[in-house]
Structure formats: C-alpha cells, structure tokens
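Heads up: the structure comes next, in structure tokens.
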Amino acid sequence: MTDKEKAVAYWKQNLKYLVILLIIWFLVSYGAGILFKDALNNIRLGGFKLGFWFAQQGSIYTFVILIFVYVRLMNKLDKKYGYDE
C-alpha cells in the first residue's frame with residue numbers, strides 16, 4: 001500500500017468515525033431532549049423527568065463520553081496506519 005493509499009484509507013475511516021459519533025450525539029441531544037421528551041418524561045431520574053434531564057445534562061455527558069471514545073478510536077487508527085509517533 002502506497003503512502004497516498006494509506007492516507008486516503010486513514011481519512012476515510014476517520015470520517016466514518018466522525019459521522020457515526022455525530023449521529024449519536026444528534027440523536028441524544030435533539031432526539032432524546034426534544035423529539036422524544038414527552039415519552040421520556042414518564043421516567044424519572046434523580047427526581048427529574050428523563051426528557052428534561054437529557055435536554056439539560058444528558059447531551060453534555062454524552063458529548064464528553066463521545067470525546068473519549070473518539071480519542072480511543074483515533075489512537076487505534078493511528079497505530080493501524082503507522083501515524084502514532
């Protein structure tokens with residue numbers, strides 16, 4: 001595999017990770033916090049309705065978790081393609 005092919009494969013995989021993680025973040029922040037809030041409000045978490053909790057806290061926690069997931073995925077990807085210097 002040439003350097004150019006390796007770089008193209010690397011960025012293709014990187015973009016795939018980004019799209020997947022951004023979709024998850026969108027579903028949690030917009031979906032759970034806005035679209036499905038009425039259904040989620042039937043469940044309580046720490047005294048608060050779950051839809052409200054996702055809108056206020058859950059999307060932030062999810063975003064932070066996704067940052068750590070992205071770092072881990074990118075470290076593995078860097079090692080796979082030899083960019084881990």
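Quantities reported herein were computed from a predicted structural model and do not represent experimental measurements. Residues take their numbers from the sequence shown, with the count starting at 1.
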| Just wondering, more than 12 heavy atoms not from Tyr83 lying within 6.0 Å of its OH? |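 Atom OH in Tyr83 is crowded, with more than 12 foreign heavy atoms closer than 6.0 Å.
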| query | Is it the case that more than 12 heavy atoms not belonging to Lys6 sit under 6.0 Å from its NZ atom? | reply |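 Count over threshold, so yes.
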| message | Classify the ring geometry of Trp53 against Tyr61: parallel below 30°, tilted from 30° to 60°, perpendicular beyond 60°. | response |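 Because their plane-to-plane angle lies in the 30° to 60° range, the rings of Trp53 and Tyr61 count as tilted.
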Would you give the length of the straight line joining atom [atom1] of [X] to atom [atom2] of [Y], rounded to the nearest 0.5 angstrom?
{"X": "Asn41", "Y": "Phe48", "atom1": "CG", "atom2": "CZ", "answer": "12.5 Å"}
{"X": "Leu15", "Y": "Ile20", "atom1": "CG", "atom2": "CD1", "answer": "11.0 Å"}
{"X": "Phe54", "Y": "Ser59", "atom1": "CZ", "atom2": "OG", "answer": "9.0 Å"}
{"X": "Leu73", "Y": "Lys80", "atom1": "CG", "atom2": "NZ", "answer": "11.5 Å"}
{"X": "Arg72", "Y": "Leu77", "atom1": "CZ", "atom2": "CG", "answer": "13.5 Å"}
{"X": "Leu21", "Y": "Thr62", "atom1": "CG", "atom2": "OG1", "answer": "11.5 Å"}

| request: From the options Val64, Leu66, Ile65, select the one residue that forms a side-chain contact (heavy atoms from CB on, under 4.5 Å) with Phe68. | output: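 Of all the options given, the one that passes is Val64.
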| said: Among residues at least two apart in sequence or on other chains, which ones pass ring-ring contact (aromatic ring centres under 6.0 Å, His included) with Tyr17? | reply: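 If we apply the ring-ring contact (aromatic ring centres under 6.0 Å, His included) test to Tyr17, skipping adjacent residues, there are no hits.
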| side chain to side chain contact (heavy atoms under 4.5 Å, CB included) partners for Asp84, two or more places apart |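 Checked Asp84 against side chain to side chain contact (heavy atoms under 4.5 Å, CB included); matches are Asp78, Lys79.
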| said: In this structure, would Ile60 and Ile67 fall into the same cluster of hydrophobic residues linked by side-chain contacts under 4.5 Å? | reply: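 As far as the 4.5 Å side-chain criterion goes, Ile67 and Ile60 are not connected within one cluster.
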| task | Step by step, work out the side chain to side chain contact (heavy atoms under 4.5 Å, CB included) result for Val28 and Phe63. | result | CA-CA 9 Å; Val28 170; Phe63 181 65; over 6 Å; no
